[in-house]
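Right, one structure below, let's go through it.
Predicted, not measured: the structure shown is a model, and the values here were computed from it.
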Amino acid sequence: MKEQSPSPTVRVFIALAPPDDAKQELERELAPAYAGYPRMRWNRIEDWHITLAFLGELPAAVVPALHAPLAGLAAAREPLRLALHGGGHFDERVLWSGIAGDVEGLHLLAADVRAVVKECGIAFEDRPLRPHLTLARARRDDPTSVVGAAAGLAGFAGRTWPAARLHLVGSNFGRGPGPIRYRDIESWGFGGGS
């Protein structure tokens, strides 16, 4: 009897993405850090996002069950007004930009997104939301770059923007030595937008 191969899986999360001009504003602010800390593993600007719920590795066959409930959730909500603000680090290893604006609304949206995921019967680690946008990771032998880069972002205050879409995202994390890459599986406009 031939052994069946395991079903294909995808690493999935649900997120918001700043608009291109807001990301470019932060990218300009990061220019000294890019030059000063070239060994850090910088995330691509097109991959910057604010994670609302990280679902982890899921069987690809269960992901479509999220589409209709997430579309309905997005259609029933107005866009949040957010801004990229300041910077910091997690454990001197991960550089991030903070989120300002309607942070309370962001927490409520994340709670509703997580409720939808649970209603779909998908188990995931429901960690507290720490709103941020991950920018880079330090290499193991580089304990100071992230701290220095975070200090350079301390005074950054980006413009306010509307979070226009809810994104269901897949990644190739853990699937090779290259950088992490993300792709929209699907996305939905808030307030009935497209």
Does a side-chain heavy-atom distance below 4.5 Å link Leu30 with Leu26? yes
Interatomic distance, CG@Leu80 vs NE2@His107, rounded to 0.5 Å, equals 11.0 Å
Cationic N near anionic O, under 4.0 Å, Arg165 to Asp184: no
List the atom of Leu84, the atom of Phe156, and the distance in Å for their closest heavy-atom pair. O-CE2, 3.5 Å
Under the side chain to side chain contact (heavy atoms under 4.5 Å, CB included) criterion, do Val12 and Val63 qualify, and how do the steps go? CA-CA 8 Å; Val12 176; Val63 175; 4.0 Å; yes
One should read off an interatomic distance between Leu66 CG and Leu55 CG, to the nearest 0.5 angstrom, of 6.5 Å
With under 30° as parallel and over 60° as perpendicular, where do the rings of His132 and Phe90 fit, or are they tilted in between? perpendicular
So, do Arg137 and Leu95 sit near enough that their side-chain heavy atoms are less than 4.5 Å apart? no
Nearest 0.5 Å, what's the CG-OG distance between Leu70 and Ser187? 11.0 Å
Report yes or no: do Leu52 and Trp96 belong to one cluster of Ile/Leu/Val/Met/Phe/Trp/Tyr joined by side chain heavy-atom distances under 4.5 Å? no
Assigning hydrophobic clusters by single linkage (Ile, Leu, Val, Met, Phe, Trp, Tyr; side-chain heavy-atom cutoff under 4.5 Å), is Val103 placed with Leu129? no
If only atom types and distance count, is the side chain of Asp142 paired as donor or acceptor with the main-chain N or O of Met40 below 3.5 Å? no
Closest heavy-atom pair, Tyr37 versus Gly148, reported as atoms and distance to 0.1 Å, is OH-CA, 3.3 Å
Heavy-atom pair of closest approach, residues Ser97 and Gly86: OG-O, 3.2 Å
Glu25 side chain vs Arg159 backbone, donor-acceptor pair below 3.5 Å: yes
With a 4.5 Å heavy-atom cut-off, do His89 and Val147 have their side chains touching? yes
Side-chain heavy atoms under 4.5 angstrom apart, residues restricted to Ile, Leu, Val, Met, Phe, Trp, Tyr: same cluster for Ile45 and Tyr34? yes
Could you check whether any side-chain heavy atom of Leu135 comes within less than 4.5 Å of a side-chain heavy atom of Leu153, counting everything from C-beta outward? yes
Pairwise side-chain contact, Val113 with Lys118, heavy-atom cut-off 4.5 Å (strictly under): no
Ile14 vs Val169, test: side chain to side chain contact (heavy atoms under 4.5 Å, CB included). Steps then yes/no. CA-CA 6 Å; Ile14 301 161; Val169 183; over 6 Å; no
Val94 reachable from Ile99 in the ILVMFWY side-chain graph, under 4.5 Å edges: no
Looking at Cys120 and Pro69, what are the two nearest heavy atoms and their distance? SG-CG, 3.7 Å
Straight-line distance of Trp42 CH2 to Glu27 CD, nearest 0.5 Å: 10.5 Å
Gap separating the CZ atom of Arg130 from the OG1 atom of Thr51, nearest 0.5 angstrom: 13.0 Å
Could you please spell out the steps behind the side chain to side chain contact (heavy atoms under 4.5 Å, CB included) verdict for Asp91 and Val146? CA-CA 9 Å; Asp91 301 324; Val146 166; over 6 Å; no
May I ask you to decide whether Arg114 forms a salt bridge with Asp126, counting only side-chain N to carboxylate O separations under 4.0 Å? yes
Would you indicate whether the side-chain heavy atoms of Leu133 and Pro18 approach each other to under 4.5 Å? yes
Quick check for you: to the nearest 0.5 Å, what is the distance between Phe190 atom CZ and Leu73 atom CG? 7.0 Å
Would you say the ring centers of His167 and Tyr182 fall short of 6.0 Å from each other? no
Side-chain ion pair, Asp20 and Lys23, N-O less than 4.0 Å: yes
When you check the side-chain N and O atoms of Arg11 and Ser171, is any donor under 3.5 Å from an acceptor? no
Start with the C-alpha gap between Arg139 and Arg41, add the side-chain angles, then the distance that decides, and say whether side chain to side chain contact (heavy atoms under 4.5 Å, CB included) holds. CA-CA 7 Å; Arg139 298 189 186 279; Arg41 293 178 300 160; 3.7 Å; yes
